[in-house]
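Lettering follows sequence order; numbering is per chain, from 1.
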There are 2 protein chains.
Amino acid sequence: MGLKSFVEVHPDSHFPIQNLPYGVFRPQPGSDPRPGVAIGDYVLDLSVISAHGTFDGPILKGSDCFNQPLELDVNLGKPGFRPDMHLRPLDVPPEPNLNKFLAMGRPAWKEARASIQNLLSSTEPKLRDNASLRQIALAPVGQVEMLLPIAIGDYTDFFSSMHHAKNCGTIFRGPENPIPANWFHIPIAYHGRASSVVISGTDIVRPRGQGHPHGGSPYFGPSVKLDFELEMAAIVGPGNELGKPIDVNKAADHIFGLVLMNDWSARDIQAWEYVPLGPFLGKSFGTTVSPWIVTLDALEPFACDAPKQDPQPLPYLAEKISKNYDISLEVRIKPTGEENSHVVTKSNFKHLYWTVTQQLAHHTINGCNLRPGDLLGTGTISGPEPESYGCLLELTWNGQKQLSLGGTTRKFLEDGDEVVITGCSKGNGYNVGFGTCSGKILPSPI
Amino acid sequence: MGLKSFVEVHPDSHFPIQNLPYGVFRPQPGSDPRPGVAIGDYVLDLSVISAHGTFDGPILKGSDCFNQPLELDVNLGKPGFRPDMHLRPLDVPPEPNLNKFLAMGRPAWKEARASIQNLLSSTEPKLRDNASLRQIALAPVGQVEMLLPIAIGDYTDFFSSMHHAKNCGTIFRGPENPIPANWFHIPIAYHGRASSVVISGTDIVRPRGQGHPHGGSPYFGPSVKLDFELEMAAIVGPGNELGKPIDVNKAADHIFGLVLMNDWSARDIQAWEYVPLGPFLGKSFGTTVSPWIVTLDALEPFACDAPKQDPQPLPYLAEKISKNYDISLEVRIKPTGEENSHVVTKSNFKHLYWTVTQQLAHHTINGCNLRPGDLLGTGTISGPEPESYGCLLELTWNGQKQLSLGGTTRKFLEDGDEVVITGCSKGNGYNVGFGTCSGKILPSPI
Ligand SMILES: [Ca+2]
Ligand SMILES: [Ca+2]
Ligand SMILES: [Mg+2]
Ligand SMILES: [Mg+2]
Ligand code: NI
C-alpha cells in the first residue's frame with residue numbers, strides 16, 4: 001500500500017490514490033463539462049488544477065488538453081489581428097472530453113498520473129493546505145453529473161470469450177462444433193453503433209423490432225428477449241494512420257484504459273436480422289459505459305497471464321507478453337419497486353481468450369485507422385462455470401430455464417429492471433475499481 | 001430547362017444551376033476548409049457569399065452554418081467579459097463541414113437553394129456584375145482541393161438491391177433459396193467503419209489479412225480478391241433522439257442528399273471472417289465517397305416509382321409514396337500505365353428494392369439515434385442483367401470468369417488499378433450529376 005492521499009478514502013472505496021481514473025463531469029447543473037479524476041468520494045477538477053500549474057512536466061506544461069491556457073489566443077499573429085484583441089475572457093470553457101489528452105500518448109499519461117498522485121499525496125501541502133483551492137478543485141461526487149468522457153469516433157465490439165462463443169454456438173447451432181472454425185484464428189468483431197453509447201445511469205427504452213415469423217408475417221413489437229451483456233471496453237489512445245497497421249507488441253501504447261460496458265441486446269431482433277451481415281438493430285438501441293476510465297497504469301499490479309492459445313496465433317497476433325488483468329466482475333438486477341438487487345453472475349476479465357492488445361492489432365492489420373477515443377468492447381465476458389456466464393441468453397439458456405431473483409424469476413429483462421455491473425481489482429489493502437455501470441429498462445413507446 | 005446562370009455551363013456538365021450540389025473545399029493549399037456549391041467548372045464559396053449577405057431569408061439570416069457572423073462573440077455578456085474584447089478578428093475560420101447546415105433541416109435547405117439559385121441566375125446582377133466579389137466567391141474547380149464534406153458520426157451500409165442479394169447468395173450458398181428468408185422483410189444492414197471513409201481521389205492501400213486455410217493455417221498476406229462495390233449513400237439531416245423512431249412517411253425530411261460511394265471489399269478476408277458477426281476487416285480499410293452531395297430537391301425531377309414490394313412490408317415500412325430516382329451509374333477501371341479506362345458495368349439507382357426512406361425508418365425503429373452527417377450506404381447497386389452487376393464478385397462470378405478490359409483482363413483488382421464511378425440524371429437539356437468517385441489501389445506494405 002504505502003502511498004496515501006490527504007483526501008480521506010474508505011478502505012472499500014474503488015478510488016484510492018493508487019487508482020485515479022479519468023472522467024468528465026459537470027460540477028453544477030448547466031456548468032461546462034470538464035475532465036476530472038476520482039479520489040475517494042470526490043472528483044478532482046483537472047481544469048482547475050491545470051490552471052493552477054499542477055501539470056508542470058516537460059510534456060504537459062502549457063498544454064491545452066484539459067483547459068485552454070489563458071495566454072493562448074488562436075488568432076495571435078494572424079492577418080487582421082490587433083494586439084488589443086489578444087486577451088481572452090477568464091471563462092474560456094474547459095475541454096469537454098478527454099480526446100486531446102488521449103491523443104498525446106503514454107508519456108503524457110504517465111506524467112499526468114505522477115503530477116496528480118503527487119498533488120493528492122498526504123505529504124504534499126500545495127492543495128492539502130489551501131482551503132480555497134480545495135473548495136473549487138474537489139467536488140463531492142454525489143453533487144456532480146457524470147458525462148460520457150470521450151467523443152467516440154467508432155465503436156467496435158469483439159467476441160473474445162471462448163466460453164461465451166461456445167455457449168452461443170451451442171444454443172444456436174447445436175453441441176457439435178459450437179465454435180466457428182475461424183474463431184481460434186481471428187479475434188472476431190463487428191462494428192457497433194457509436195451514437196447510442198450512453199453514460200451509466202441513462203434509461204434504456206425497450207426496442208421494438210421484427211422477430212422470426214411464426215406462421216405468416218414476422219413478429220413486430222417490443223422485444224420479448226431483452227438481455228444485458230457483461231463486457232469491458234478499451235479506450236483507444238493515439239491510434240494510427242489509414243494504411244499503417246499497429247504492431248501487436250506496441251498495441252498497449254494505444255490503449256489508455258478500460259471501462260465497464262453493458263452491450264444491451266434484443267435476442268429476438270438479433271436472431272432474425274443477423275444473417276448474413278451480423279448484428280444491427282438488436283444492439284444499436286443502446287450501449288452503456290461506466291463513467292470512470294481506469295488506466296492500464298493503475299491496472300498494472302493486477303496483470304496476469306492470458307490463457308495459453310492453441311492453435312498458435314499467426315505471427316501478427318503473437319505477442320511477446322500476453323496479459324490479461326484480474327478484475328472481478330459482477331452483475332446485479334434490481335426489479336422495479338424492490339429494495340434489493342440480486343447478483344445474477346460473477347465473472348472475471350482474466351477469462352478472455354483474445355487480449356485487448358491482440359484485438360487492437362487485429363483491428364489495424366488491414367490498414368484500418370483507429371482514432372483517439374475509439375471504443376473497443378471485449379465481447380461478453382463469460383467464465384467457465386454456469387454461475388459466471390455473462391448474459392441472460394447463457395444464464396437461462398435462451399429462456400429455457402428461469403433465473404431466480406429472490407422472490408421472483410427472470411428469463412429475460414422486464415420493464416423497470418435495473419441492471420448494475422461492478423468491477424474491481426483487489427490490491428494489498430486497497431482496491432482499483434471501476435465503480436458501477438447501470439441502466440434501467442423503460443417500456444417501449446406505444 | 002428555363003433557368004440559366006450567368007456562369008457559363010457546358011451542356012454536358014453535371015453541375016448546372018438546376019443541380020447546385022454541396023461540398024467542402026480549400027481554395028488554396030493550406031487555407032481553411034469551407035462549404036461550397038458547384039456551378040459549371042467553378043466552386044461558389046458559401047463562406048464568402050454568406051458574409052456578403054446572400055442568405056437573407058428568415059431561417060438563414062444571421063446563421064453561423066457556413067461562417068461565423070463577424071458581429072458574433074461567444075463571450076459577449078459572460079462574466080469577465082470586457083467591451084474592448086468583443087471584436088473578433090476578420091478571419092474567424094469558416095465552418096469546416098456541412099453538419100451545422102444539415103442539422104437545420106429541409107426548410108433551411110430549401111431557403112439556401114433558392115438564395116443560391118437566385119444569386120447565380122443570369123438575371124441577377126449582384127454577383128454577376130461585381131468583378132471583385134466574383135474574384136473571391138468563384139474558384140475554378142481545377143484549382144481547389146475537395147475534402148470530406150461532412151464529419152461522419154456513424155456509417156451504415158445496407159444491402160438493398162435484390163439482384164445483388166440473389167447473386168451473392170447464389171455464389172456463396174448455391175442456387176436454391178439464394179436470398180435469406182429475412183431479406184424481403186428487413187432492409188438488411190451492418191454498421192461500417194466511419195474513420196476510413198475517404199474523399200474521392202484518395203489512394204487505397206491493398207489490405208493484408210487472413211483468408212480461408214488450405215490445409216493447415218489460414219492464409220495471411222495481401223488480399224487476392226480485392227473488389228469495388230458500386231453504391232450510393234444518403235447523408236442524414238436532423239436525425240432523431242435516442243428512443244424516438246422516425247416515421248417512414250417523414251423520413252425524407254431527414255435526408256439531405258446523395259453521394260456516390262465505393263465500398264472497397266476484400267472478398268477473401270470477408271469470406272473467412274464474416275461468420276457469425278458479419279463483415280469487418282474485409283471492408284474497413286477504406287470507403288470512398290464523391291465530393292458533391294446532390295440534394296433530394298435537385299433530384300426531385302428524376303423521381304420514379306420504386307419496385308413493387310411482395311410480400312407487403314410491415315406497416316412501419318409501408319410508405320404512402322415509395323420513390324427511387326433515375327440515376328444512371330457507370331464504373332470504369334483504368335489499369336496502371338494505360339491511357340484509357342474501360343467501362344465494366346452500367347447500372348441505375350432505380351433498381352433498389354428498399355428505398356432510402358425505408359432504410360432510414362428501419363434504422364430508427366428500435367430507437368437508434370441518427371445524427372446530422374451520418375452516412376447510409378445503399379449496398380451494391382446491381383441491375384437485372386449481367387452487364388449491370390455492381391461488383392467484380394458478381395461480374396466475374398467470384399473469379400470463375402475473366403472480365404475483358406480492352407487488351408487485358410481482370411478477375412479482381414490489381415495494384416495500380418484506378419476505379420472510377422460516375423452517376424448522372426439526364427434532364428431536358430441539362431444534367432443533374434454527381435461527378436466522379438475514384439480511387440487507385442496501392443500495393444500492400446511489405
Ligand atoms: Ca457484445
Ligand atoms: Ca457494401
Ligand atoms: Mg449495444
Ligand atoms: Mg468499405
Ligand atoms: Ni472578443
Side-chain angles (χ1 to χ4, degrees), chain A residues 75 78-81 84-85 87-91 153-154 159 180 182 185-186 188-196 198 205 207-210 217-218 220 242-245 266 269 272-281 284-286 311 314 316 362-363 365-371 374 445, chain B residues 75 78-81 84-85 87-91 153-154 159 180 182 185-186 188-196 198 205 207-210 217-218 220 242-245 266 269 272-281 284-286 311 314 316 362-363 365-371 374 445:
Chain A
N75 301 302
K78 288 197 184 172
F81 176 80
D84 62 310
M85 292 176 179
L87 280 174
R88 310 273 295 205
L90 294 171
D91 66 341
D154 280 284
F159 187 51
N182 56 11
H185 300 285
I186 297 180
I188 295 281
Y190 67 99
H191 303 295
R193 180 80 194 175
S195 71
S196 54
V198 297
V205 176
R208 290 182 301 166
Q210 298 190 29
S217 240
F220 178 77
L242 192 58
K244 307 221 167 131
I269 297 173
W272 172 233
E273 75 177 353
Y274 89 105
V275 173
L277 299 183
F280 183 51
L281 300 190
S284 63
F285 58 92
L314 285 167
Y316 82 92
H362 180 67
H363 205 317
I365 187 63
N366 70 340
C368 179
N369 54 327
L370 301 179
R371 295 177 294 188
D374 283 350
Chain B
N75 301 303
K78 287 197 185 172
F81 176 80
D84 62 313
M85 291 175 179
L87 281 172
R88 311 271 297 201
L90 295 171
D91 65 341
D154 280 284
F159 187 51
N182 56 10
H185 300 285
I186 298 179
I188 296 281
Y190 66 99
H191 303 294
R193 178 84 194 172
S195 71
S196 54
V198 297
V205 175
R208 290 182 302 166
Q210 298 190 28
S217 241
F220 179 77
L242 191 60
K244 308 222 167 129
I269 297 173
W272 172 232
E273 75 177 354
Y274 90 105
V275 173
L277 300 183
F280 183 52
L281 300 190
S284 63
F285 58 92
L314 284 167
Y316 81 92
H362 179 68
H363 204 318
I365 187 63
N366 69 340
C368 179
N369 55 328
L370 302 180
R371 296 178 293 189
D374 283 349

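- Shown here for A:Cys368 and B:Ser195, the closest heavy-atom pair between the two residues is SG-OG, 4.4 Å.
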Between B:Phe220 and A:Ile365, is the side-chain contact (heavy atoms from CB on, under 4.5 Å) condition met? List the steps. CA-CA 10 Å; B:Phe220 179 77; A:Ile365 187 63; 3.8 Å; yes

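- Scanning both residues, A:Ser196 and B:Leu242, for their nearest heavy atoms gives CB-CD1, 3.6 Å.
- Shortest non-hydrogen contact noted between B:Pro180 and A:Pro276 is CG-CD, 4.1 Å.
- When the candidates B:Pro311, B:Gly153, B:Ala189 are compared by the number of heavy-atom contacts under 4.5 Å with chain A, B:Ala189 comes out ahead.
- In plain terms, the two heavy atoms of B:Leu277 and A:Tyr190 that are nearest each other are O-CB, 3.4 Å.
- A:Phe280 has its ring centre less than 6.0 Å from the ring centre of B:His191.
- Among A:Val205, A:Val275, A:Asn369, the residue with the largest count of heavy-atom pairs under 4.5 Å with chain B is A:Asn369.
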Starting from the C-alpha separation in whole Å, work towards a yes-or-no answer on side-chain hydrogen bond (donor to acceptor under 3.5 Å, both in side chains) for B:Gln210 and A:Tyr316. CA-CA 10 Å; B:Gln210 298 190 28; A:Tyr316 82 92; 2.9 Å; yes

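- Distance check, rounded to the nearest 0.5 Å: NE2 of A:His363 to CZ of B:Arg193 gives 4.5 Å.
- For A:Ile186, the parts lying near chain B are the backbone and the side chain together; criterion is any non-hydrogen pair under 4.5 Å.
- Only the side chain of A:Pro445 comes within less than 4.5 Å of a heavy atom in chain B; its backbone stays farther off.
- Among all heavy-atom pairs drawn from B:Pro245 and A:Arg208, the shortest one is CG-NH2, 3.7 Å.
- Of the residues considered (A:Gly192, A:Pro207, A:Gly367), A:Gly192 shows the highest number of contacts with chain B, using heavy-atom pairs under 4.5 Å.
- In terms of heavy-atom proximity, A:Asn366 sits nearest to B:Leu281 at ND2-O, 2.8 Å.
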